[in-house]
Colleague: 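Here's a structure for you.
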Amino acid sequence: MILLVFLVLSVAIGYLRRGRLSNYLQNPLRGVFLPIFAFALEAALGLIARWLPWPSDRWLWAAVSIEYAMIFAFVFLNIKRASFWVIAVSSALNFAVIAANGFRMPISPIVHNYSVFEGIVERVSAGKMVEYVLVGWDAPLWFLGDTIPVLWVAPGLASIGDLGIAVGMFLLVQGIMCPKKEKPAQKTRSY
């Protein structure tokens, strides 16, 4: 949800800066289908868990690795844009914490401090959200997991990597909508 909020905010600010989304056609992103497939795979993990006869511990590592391979391929194809460096580092942080916690995004104990997150705790505890795991303060890299309460728009939790990806997307949209004008080359005098 935080990514969507930052995307809408960036488009609005882009228009306020007199930018245009049509500028995208001048320099389109390469491999734009890759993050779409990656997010679709992540959204389908619950369905996959119901369809497959094996526990998620046996296959989740492969699904998450494929998801992040698509994200990193997309980043690599577009790395010439400065905003993709922010997205790359942030995605690497998310992958590191997920890999360190059994290929599940850890949710820190902070979730228990807010009654609005009771539903998340129940769904994760019941195994309905296979891509998440409730952890204690001693979990590996817990501080990179979902530790930041996001209480505006739709309540949820975010990681440092999620916030970084959101900032990278914000910068990307600004770069697309309001590209920097190239300075004309200065004429050199020959003496």
Side-chain angles (χ1 to χ4, degrees), residues 1-12 33-72 74-75 86-170 173:
M1 182 55 94
I2 194 166
L3 298 178
L4 182 61
V5 170
F6 271 70
L7 182 63
V8 169
L9 180 64
S10 187
V11 169
F33 61 90
L34 290 166
I36 294 169
F37 288 159
F39 289 120
L41 175 59
E42 182 176 347
L45 289 176
L47 289 173
I48 294 169
R50 280 186 260 162
W51 291 339
L52 291 177
W54 311 290
S56 59
D57 292 349
R58 294 184 59 195
W59 57 266
L60 190 60
W61 68 271
V64 171
S65 296
I66 291 168
E67 174 190 350
Y68 274 88
M70 287 189 279
I71 291 170
F72 288 126
F74 176 63
V75 167
V86 176
I87 295 169
V89 169
S90 301
S91 296
L93 291 175
N94 273 353
F95 185 72
V97 70
I98 289 169
N101 286 278
F103 287 90
R104 289 169 161 62
M105 176 58 88
I107 298 175
S108 75
I110 200 161
V111 74
H112 301 292
N113 295 348
Y114 299 88
S115 61
V116 72
F117 299 134
E118 287 176 4
I120 292 174
V121 171
E122 289 173 14
R123 289 194 312 269
V124 173
S125 297
K128 294 180 180 174
M129 297 173 71
V130 296
E131 66 272 27
Y132 293 96
V133 62
L134 298 170
V135 298
W137 299 116
D138 59 344
L141 303 175
W142 66 265
F143 53 90
L144 293 178
D146 282 353
T147 61
I148 303 165
V150 179
L151 301 174
W152 37 275
V153 184
L157 294 158
S159 67
I160 293 170
D162 294 340
L163 293 178
I165 292 168
V167 168
M169 284 179 47
F170 180 91
V173 171

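Nothing fancy with the numbering, it's 1 onward along the sequence. Side-chain atoms are counted along with the backbone in the values below, which use heavy atoms only and exclude waters and symmetry mates.
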Colleague: As a quick check of understanding, evaluate side chain to side chain contact (heavy atoms under 4.5 Å, CB included) for V173 and L7, giving each step before the final call.
Modeller: CA-CA 7 Å; V173 171; L7 182 63; 3.6 Å; yes
Colleague: Do N94 and M105 have side chains that get closer than 4.5 Å, going by heavy atoms?
Modeller: yes
Colleague: What class does the angle between the rings of Y114 and F117 fall in, given that below 30° is parallel, 30 to 60° is tilted and above 60° is perpendicular?
Modeller: perpendicular
Colleague: Looking only at heavy atoms, which two atoms of G136 and P109 are closest? And how far apart?
Modeller: CA-CG, 3.8 Å
Colleague: Would you check if the side chain of D162 reaches a backbone N or O of S159 as a donor-acceptor pair within less than 3.5 Å?
Modeller: yes
Colleague: Between R104 and I98, is there a donor-acceptor pair closer than 3.5 Å when you use the side chain of the first and the backbone of the second?
Modeller: no
Colleague: Is the closest side-chain heavy-atom distance between S91 and I165 below 4.5 Å?
Modeller: yes
Colleague: Which residues pass the side-chain hydrogen bond (donor to acceptor under 3.5 Å, both in side chains) test with S90, sequence neighbours left out?
Modeller: none
Colleague: With side chains defined as the heavy atoms from C-beta onward, is the minimum distance between L157 and I148 less than 4.5 Å?
Modeller: no
Colleague: Say you draw a straight line from CG of L141 to CD1 of I160; how long is it, rounded to the nearest 0.5 Å?
Modeller: 10.5 Å
Colleague: In terms of the angle between their ring planes, are W61 and F103 parallel, tilted or perpendicular, with boundaries placed at 30° and 60°?
Modeller: perpendicular
Colleague: Under the ring pair (Phe, Tyr, Trp, His ring centres under 6.0 Å) definition, can you give me all pairs with a residue in residues 35-58, not counting sequence neighbours?
Modeller: F33-F37
Colleague: Write down the atom of L60, the atom of V130, and the distance for their closest heavy-atom approach.
Modeller: CD2-O, 3.4 Å
Colleague: Among residues at least two apart in sequence or on other chains, which ones pass side-chain hydrogen bond (donor to acceptor under 3.5 Å, both in side chains) with N101?
Modeller: none
Colleague: Enter the distance from I120:CD1 to S125:OG here, rounded to the nearest 0.5 Å.
Modeller: 11.5 Å
Colleague: So which atom in L41 and which in A63 form the shortest heavy-atom distance, rounded to 0.1 Å?
Modeller: CD2-O, 3.3 Å
Colleague: How about V97 and P106: do any of their side-chain heavy atoms sit closer than 4.5 Å?
Modeller: yes
Colleague: Might you point out which heavy atoms bring E131 and E42 nearest each other, and give the distance in Å?
Modeller: OE2-O, 4.4 Å
Colleague: With rounding to the nearest 0.5 angstrom, report the CD1 to CH2 distance, I110 to W142.
Modeller: 8.0 Å
Colleague: Taking atom NZ of K128 and atom CZ of R50, what is their separation to the nearest 0.5 Å?
Modeller: 9.0 Å
Colleague: What closest approach, in Å, do M70 and L34 show between heavy atoms, and which atom pair accounts for it?
Modeller: O-CB, 3.6 Å
Colleague: Heavy-atom distance under 4.5 Å between the side chains of L45 and W59, does that happen here?
Modeller: yes
Colleague: So, for M169 and I87, which heavy atoms are closest and what is the spacing to 0.1 Å?
Modeller: N-CD1, 4.1 Å
Colleague: What's the spacing between E118 CD and R123 CZ if we round to 0.5 Å?
Modeller: 12.0 Å
Colleague: In the structure I gave you, are the side-chain heavy atoms of I107 and V124 within less than 4.5 Å of one another anywhere?
Modeller: yes
Colleague: Counting only N and O atoms by type, is there a donor-acceptor contact under 3.5 Å from the side chain of S10 to the main-chain atoms of F6?
Modeller: no
